[in-house]
Peer 1: 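I am attaching a structure below and will ask some questions about it afterwards.
One is the number of the first residue; the rest follow in order along the sequence.
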Amino acid sequence: MRIIRYINNQNQKQLAAVSNENKVFDLPYEDFMSLVQQANEQGQTALQVVSDIIFKAKDEKELEQVTLTTPIDAPEVWAAGVTYEKSKEARNYEATQGKLDSQTFYDKVYDAERPEIFFKSTAARTVGPNEPVYLRSDSNWQIPEPELGLVIDSDGTILGYIAGNDMSCRDIEGENPLYLPQAKIWKNSCAIGPAILLKDAVENPYDLTIICRIFRNNEKVFEGEAQVNQLKRKLDELVSYLVLDNDVFAGTVLLTGTCIVPPNDFTLADNDRIEIEIPEIGILNNPVKVQGKVAVEVK
């Protein structure tokens, strides 16, 4: 069972459930966390509450008929880094200018007890399905990072799963690790969606597949695929470090790291289109745009 929001006839965001047959059923809640709160008060899971509503529903729509928006206004989006071997290799390539015969701090992070967790985005910087992600003006090497995201409660309880795009500037991060915030955070640098897959609807999240496709001039120029079971760490482990001695807001999203990296000679361009698919969740589709004239002259 998946949870979405779409723009209704009153131009408002409508919470809804999507069945496995892609039938859409409106839900009588303001947002996803209101649904979770109601379920907790009734001593039920969100899946049980939604299933009861669908069983009694008289009206339904087709998923292809609605205009999707972010399924949740995540107050914060955090991300974990170097959680897959592919990510470690890519970070080493950036940090050593392609000299992969030496150990770096990324190897240490990959093998360390403590994971890398960093702040990624706020609700105002985060976009949903079919909204543009922006290119940063002072970077010449930018890629999407397709990731499985966890929607969590304030105590770290995993409520569901979502697809995410952690847009990244490989040249900025590779120049100096202290530049990580600038390599990760700018306007429209994070996308999530198209739906939240309820936790109780998933038997084993490590069985999920992540697929990334990039299109240029309507031609596919890259496709990669990986499994969540390639993740070095456990999902609960990543959450435990995020909530440790930290105030985490209900509805926060934690992106769990990327396992798909385009070739080292590839960079995104204006008018590209990115698809990030987790089949059980759906396809997060975003066009790529230059957000304006160059604001910073890079010397």
Peer 1: Using every non-hydrogen atom in the two residues, find where T267 and N140 come nearest and quote the distance to one decimal.
Peer 2: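 For T267 versus N140, the nearest heavy atoms are OG1-O, 3.5 Å.
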Peer 1: Just checking, is any N or O donor in the side chain of T258 or E147 under 3.5 Å from an acceptor N or O on the other one?
Peer 2: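 Side chains of T258 and E147: no pair found under 3.5 Å.
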Peer 1: How long is the span from the NZ atom in K232 to the OG1 atom in T83, to the nearest 0.5 Å?
Peer 2: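 One gets 10.0 Å once the value is rounded to the nearest 0.5 Å.
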Peer 1: Tell me, please, whether Y6 has K61 positioned over its six-membered ring: NZ or CZ under 6.0 Å from the ring centre and within 45 degrees of its axis?
Peer 2: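 Because its charged atom misses either the 6.0 Å distance or the 45° angle limit, K61 does not stack over Y6.
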Peer 1: With a 3.5 Å distance limit and no angle check, can you tell me whether S189 reaches the backbone of K184 through a side-chain donor-acceptor pair?
Peer 2: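 Between the backbone of K184 and the side chain of S189 there is a qualifying donor-acceptor contact (under 3.5 Å).
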Peer 1: So does K187 get a backbone contact from the side chain of R136, meaning a donor-acceptor N/O pair under 3.5 Å?
Peer 2: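 A pair under 3.5 Å: no.
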Peer 1: If you define the side chain from C-beta out and look only at heavy atoms, does anything of I4 sit under 4.5 Å from P194?
Peer 2: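 A side-chain contact is absent here, since even the closest heavy-atom pair is not under 4.5 Å.
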Peer 1: Out of curiosity, E275 CD to N285 CG, how far, rounded to the nearest 0.5 Å?
Peer 2: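 Atom-to-atom, E275:CD and N285:CG are 5.5 Å apart.
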Peer 1: If only atom types and distance count, is the side chain of D270 paired as donor or acceptor with the main-chain N or O of V290 below 3.5 Å?
Peer 2: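 A pair under 3.5 Å: yes.
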Peer 1: Just so I know, are the side chains of N271 and F215 near enough to count as touching, which here means a heavy-atom distance under 4.5 Å?
Peer 2: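 SC-SC contact between N271 and F215 ruled out.
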Peer 1: Side chains of N264 and R170: any donor to acceptor distance under 3.5 Å?
Peer 2: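 Yes - a donor-acceptor pair under 3.5 Å links their side chains.
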Peer 1: Does R5 use its side chain to pair, donor to acceptor, with the backbone of T70 at less than 3.5 Å?
Peer 2: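 Judged by distance alone, yes, a pair lies under 3.5 Å.
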Peer 1: Is the backbone N or O of V288 less than 3.5 Å from a side-chain atom of R273, with the two atoms forming a donor-acceptor pair by type?
Peer 2: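 The answer is no, because no donor-acceptor pair under 3.5 Å joins these two groups.
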Peer 1: Measure the SG-CD1 distance between C169 and I143 for me, rounded to the nearest 0.5 Å.
Peer 2: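 Rounded to the nearest 0.5 Å, the SG-CD1 separation comes out at 9.5 Å.
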Peer 1: Is a donor from one side chain sitting under 3.5 angstrom from an acceptor on the other, for S168 and E145?
Peer 2: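 Yes, side-chain donor-acceptor contact under 3.5 Å.
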Peer 1: Is it the case that the side chain of D272 and the backbone of A269 share a donor-acceptor pair, with hydrogens and angles ignored and the cut-off at 3.5 Å?
Peer 2: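 Between the backbone of A269 and the side chain of D272 there is a qualifying donor-acceptor contact (under 3.5 Å).
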Peer 1: What distance do E237 atom CD and L231 atom CG have between them, rounded to the nearest 0.5 Å?
Peer 2: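 Going from the CD atom of E237 to the CG atom of L231 covers 8.5 Å.
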Peer 1: Surrounding CD of E30 (heavy atoms of other residues, nucleotides or ligands, distance under 6.0 Å), is the total greater than 12?
Peer 2: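 Result for CD/E30: open.
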Peer 1: May I ask you to decide if T122's main-chain N or O and T126's side chain share a donor-acceptor pair within less than 3.5 Å?
Peer 2: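 Confirmed, T126 side chain pairs with T122 backbone.
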Peer 1: Backbone N or O of E131 within a donor-acceptor pair of the N286 side chain at under 3.5 Å?
Peer 2: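 Answer holds: yes.
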Peer 1: Would you say P263 and F222 make side-chain contact, with heavy atoms under 4.5 Å?
Peer 2: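 The answer is yes; the side chains approach within 4.5 Å.
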Peer 1: Please check this pair: side chain of N204 against backbone of Y206, looking for a donor-acceptor N/O pair closer than 3.5 Å.
Peer 2: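 The answer is yes, because a donor-acceptor pair under 3.5 Å joins these two groups.
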Peer 1: Determine yes or no for a side-chain-to-main-chain donor-acceptor pair under 3.5 angstrom, with T45 supplying the side chain and Q48 the backbone.
Peer 2: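 Judged by distance alone, yes, a pair lies under 3.5 Å.
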Peer 1: Find the distance between OG1 (T252) and CG (L242) and round it off to the nearest 0.5 Å.
Peer 2: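 The distance works out to 7.0 Å.
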